[in-house]
2 protein chains.
Amino acid sequence: MNPAEQTALPEDRENSSRALAVLRERLSALHDADGRLPPERDLATGLGISRRALRRALEVLEAEGLIWRQQGKGTFVGNRPSLAGDLARDLAGRTNPVEVFEVRLHVEPTLARHAALRATQQDIAQMRRLNDRIRDAADDDSRELWDEALHRRIAQSAGNALFLGVHEIIDQVRRDEAWRSLRVRARNDAARATYIAQHAAIIDAIATRDPAAAAEAMTAHIRTLSHNILPLAGMEVPLAGP
Amino acid sequence: MNPAEQTALPEDRENSSRALAVLRERLSALHDADGRLPPERDLATGLGISRRALRRALEVLEAEGLIWRQQGKGTFVGNRPSLAGDLARDLAGRTNPVEVFEVRLHVEPTLARHAALRATQQDIAQMRRLNDRIRDAADDDSRELWDEALHRRIAQSAGNALFLGVHEIIDQVRRDEAWRSLRVRARNDAARATYIAQHAAIIDAIATRDPAAAAEAMTAHIRTLSHNILPLAGMEVPLAGP
DNA sequence: TTTGTGAACCAATTCGCGAATGGTTGCGAT
DNA sequence: ATCGCAACCATTCGCGAATTGGTTCACAAA
């Protein structure tokens, strides 16, 4: 899924063809374990529509970020896999949560600082929507997805493609399967309200174009995260500042 | 080649088998344009030695970092290609030199700061050797290799595997083929002495365990680089500090 | 005219299989 | 014991056929 794109969509697409509505509804039932949809030819005949009509519907779903397609490969639900995947898996095996927080503590406040200077009004509105999604999330897994989307949106708003790539690497390492149990143990009802308030403080600082405040708010947020998470891994919280 | 490893080697390996000496001598003449050596079986018969003796020699060369091997693929001279390659090429196509310096200006001083706290005496001695290699380099291409090795050694000394991975990505983007002509134009005899002096200042700060001075020296170095290079690309020098 | 349909073709990818290659083991000679 | 030789294992490559998304075209339907 791509939470960031979903919320950015208008809800008035029902005037589209019937194929789109049918496809959107059955999307989660059609794909296999790997998220792969049947080939376009099979899917078209299976749904009783022409291939061209099917492709128009798929174009909409792709623009919404619900699916991704690649010639010769197939059509898949979810987000297109990133080139950072292999590198992130390799790094995840050689680093540890303390190092990840040490890096985040230096990178993410800088991204927030730049976002305060460069974020558009759409960026800021989207950040607020994403923080609402975090607050209203029904379960921990979706909450993690929205939280990741918010941090990514801030990184995007910093307006530096290389910095965004660096952030993506860090984020993928953080979310590596090897540390899944740690993330599950870190889920903490009491801390949720704190996180949402800290997110709001970061967004407010960006909205008021205050780079120093944005960086400080982000630093405080990541420090809170590290204090809540690292002890669960039996690790010390690093003292170094940004 | 792996300049960092080469200089770290002791010179007393001549008591090894004759095959090793022969192989080490002819190494640069045996590989093809891609750095590939002949298959072990062919190479063994070609050198008139048994495959086992050849493999023992290759093990030494691999440990020295002069070659790398992979089952089913072959044996190659030089450094094993990094997983960061694909991602770096992709990022190089979406970023630009200004963004690269913006990121370096935030990442490398931090690495130098950490190196001041964590570098070993071997690290520091190696840094000085590498700066001498830069000074004594015969041509610009090898000078670039030694310079890269020095910056990498500083990143290694920071003692954070994830940060090292981030630095590797940035470095590979910086060295992307697409910007080769820019790097060539940036070669400047007059600036060489400045760079070597700035490197020495960084190493001195690390050696005296002064994190702030190390970070400041690195910041000054990268600012000098950006002032010398970015105008060649018709770009403004970014003002933001670390 | 406009739109949709089916078919054919293009381009990128995958799959299967044999060959090549580094990694490993075992046997026999020295 | 050590060395040389051979055989075998695991991974990768190369190539061709099949698969799959991307595109074009002619024709029919609205």
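Residue numbering restarts at 1 for every chain, and letters A, B, ... go by the order of the sequence lines.
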Of B/P39 and A/R36, whose closest DNA chain C nucleotide lies nearer the 5' terminus?
-> A/R36
Do side-chain atoms of B/R89 reach the backbone of B/Q172 as a donor and acceptor pair under 3.5 angstrom?
-> no
Is any side-chain N or O of A/R51 under 3.5 Å from a base N or O of C/dG4, one able to act as donor and the other as acceptor?
-> no
Is there a donor N/O on one and an acceptor N/O on the other, under 3.5 Å, for the side chain of A/R41 and the base of D/dG21?
-> yes
Nearest-nucleotide 5' precedence on DNA chain D, B/G72 against B/R52 | B/R52
For A/R69, which contact category applies under a 4.0 Å heavy-atom criterion: base, sugar-phosphate, or nothing?
-> sugar-phosphate
Does B/I222 reach the side chain of B/F101, with side-chain heavy atoms less than 4.5 Å apart?
-> yes
Answer yes or no: is there a side-chain heavy-atom contact under 4.5 Å between B/R104 and B/L225?
-> yes
OP1, OP2 of C/dT13 versus side-chain N and O of A/Q70: anything below 4.0 Å?
-> yes
Rounded to the nearest angstrom, tell me the gap between atom CD in B/Q71 and atom C1' in C/dT25.
-> 14 Å
Given atom CD of A/E40 and atom P of D/dT19, what is their separation to the nearest angstrom?
-> 16 Å
Presence of salt bridge, A/D141 and A/R180, under 4.0 angstrom | yes
Of the candidates D/dG22, D/dT20, C/dG4, the side chain of A/R56 sits closest to C/dG4
